[in-house]
2 protein chains.
Amino acid sequence: MNGALAAFAEHGFNGASMRDIAKRADTSLSNVYNYFPSKEDLLVAVLKDTNGELLRRTNRTVAAAKPNPTDRLRAAVRAYVGFVVDAQPASIVALSELRYLGGERRKAVVAARDETEALFLRLVEEGVESGEFTTTRPHDATRAVLLLCATVANWFRPDGELSREAVAELQADFALALVGARNN
Amino acid sequence: MNGALAAFAEHGFNGASMRDIAKRADTSLSNVYNYFPSKEDLLVAVLKDTNGELLRRTNRTVAAAKPNPTDRLRAAVRAYVGFVVDAQPASIVALSELRYLGGERRKAVVAARDETEALFLRLVEEGVESGEFTTTRPHDATRAVLLLCATVANWFRPDGELSREAVAELQADFALALVGARNN
DNA sequence: GTCTATACTAAGATAGAC
DNA sequence: GTCTATCTTAGTATAGAC
């Protein structure tokens, strides 16, 4: 499945060929079909795996953070951005290739993605209730926060000006600005 | 070229076929090749056109706005989001398909895109100089603002809860939050 | 479980007539 | 400028042996 991930990240779902995927996995074309009945099923597996890992990581980090909304949202953004930086190809695929899935396959992946969105939304709403966040549009602010986290995959360069940690801090600051945090 | 735009928006660069593009343009396959030597050249034409139109529109709107940085940035974001909503398929293509271009073709499109980025960066820096914006990272804030504008293409629905104008206002508020505007 | 071989379809691009 | 017809390559997927 790692070979597929790399191929999808490099060439996109439609640009990646099953032959290339097989080669990257050091196996034969028809062996790939032994494990995955179609190319779409391969993409589903990749996307589910990525979304699951992101959710687990974010959940764990938030649970370990201080209980106030500001610190919790900060922790969540740090976790998300940390994941994106650590698993950049997977994050690129998750961000850009979902659109090529339709029907039931799409639904399954969207459900997984929505769990993470729900987690972030809860954090934002907690902050609004406690008065730490002043946004009047928690849903829209949450979407903006998630987009900023996810799109790091499209521009981050490991050898760039910003370190892993610096990017996470930067995006956390942006997130708090978006929800209208009073003290950050 | 409109047929190509629709096909790229619907299926992505690699998923769209020249035959489908020809059909949408109500002409023959080989006639498409009469106007564009290759599929990549078609994509370049589409992307240049989109970026050019976006830049023109943003420039015009900013020039007509009040001279203070806050109003100017607001106007720029409104113009960008307005364009994205009006030309949603083109905006989707501009956002997602640039990655399939390499070499000289890519450079030409990136240069066009960078002009708009430079315009926004100038607005942000003006605000920082005048003291209206408090961000310490104008480049990163500008990137975040542009991303929020561009990604509207991926979720906006004409029949959704938010009207064209409401989305533009919303994103303008977010943009001002991102640059740390004092009074918005 | 893994392979080689192959069926079948569709892709990008071109030739050459009108 | 526009078409039909075609070349060539590569794609997804399967059959069937080991």
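Just so you know, these numbers come straight off a predicted model, no measurement behind them. What you see below is based on every heavy atom in this structure, not just the backbone, and it leaves out hydrogens, waters and symmetry mates. Every chain is numbered from 1 and lettered A, B, ... according to where its sequence line falls, protein lines coming before strand lines.
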| query | Expressed in angstrom and rounded to an integer, what is the separation of B:Leu29 atom CG from C:dA13 atom C1'? | reply | 8 Å

| message | Judged by each residue's nearest nucleotide on DNA chain C, which is more toward the 5′ side, B:Phe13 or A:Ser30? | response | A:Ser30

| message | Nearest whole Å is fine: how far is D:dA10 P from A:Met18 CE? | response | 18 Å

| Any side-chain heavy-atom pair from B:Val93 and B:Phe13 closer than 4.5 angstrom? | no

| said: If the threshold is 4.0 Å, N to carboxylate O, is there a salt bridge linking A:Lys39 and A:Glu97? | reply: no

| query | If you check the A:Thr27 side chain, which of C:dA13, D:dA13, C:dC3 turns out closest? | reply | C:dC3

| task | Select base, sugar-phosphate, or nothing to describe what B:Ala22 touches, counting heavy atoms under 4.0 Å on all strands. | result | nothing

| message | I need the CZ-C1' distance between A:Arg19 and C:dT4, as an integer number of Å. | response | 12 Å

Ignoring hydrogens and angles, write down the donor-acceptor pairs under 3.5 Å from the side chains of residues 162-169 of chain A, residues two or more places apart or on other chains.
residue, atom, partner, partner atom, Å
A:Ser163, OG, A:Glu165, N, 3.4
A:Ser163, OG, A:Ala166, N, 3.0
A:Arg164, NH1, A:Asp86, OD1, 2.5
A:Arg164, NH1, A:Asp86, OD2, 2.7
A:Glu169, OE1, A:Arg74, NH2, 3.1
A:Glu169, OE2, A:Arg78, NH1, 2.4

| said: Taking 4.0 Å as the cut-off, does a side-chain nitrogen or oxygen of A:Asn34 come that near to OP1 or OP2 on C:dG1? | reply: no

| said: Just the rounded figure in Å: distance from P of C:dT9 to CG of A:Asn14. | reply: 20 Å

| Quick one: B:Leu43 CG to C:dG12 P, roughly how many Å, whole number? | 13 Å

| message | What contact category does B:Tyr35 fall into here, base, sugar-phosphate, or nothing, at under 4.0 angstrom with non-hydrogen atoms? | response | sugar-phosphate

| Roughly, in whole Å, what's the span from CG in B:Asp20 to P in C:dA13? | 15 Å

| task | Would you kindly say whether B:Thr151 and B:Asn154 are connected by a side-chain donor-acceptor distance under 3.5 Å? | result | no

| In one Ile/Leu/Val/Met/Phe/Trp/Tyr side-chain cluster, 4.5 Å: A:Leu95, B:Leu148 | no

| The side chain of B:Ser28 lies closest to which of these nucleotides: C:dG12, D:dC3, D:dA13? | D:dC3

| field | From C:dA13, D:dT12, C:dA11, nucleotide with atom closest to A:Tyr33 side chain | value | D:dT12

| Spacing of A:Leu42 atom CG relative to D:dG11 atom P, expressed in whole Å | 15 Å

| query | Any idea which of C:dT2, D:dG1, D:dT12 is nearest the B:Asn31 side chain? | reply | D:dG1

| field | Atom-pair distance (NZ on B:Lys23; C1' on D:dT4), nearest Å | value | 15 Å

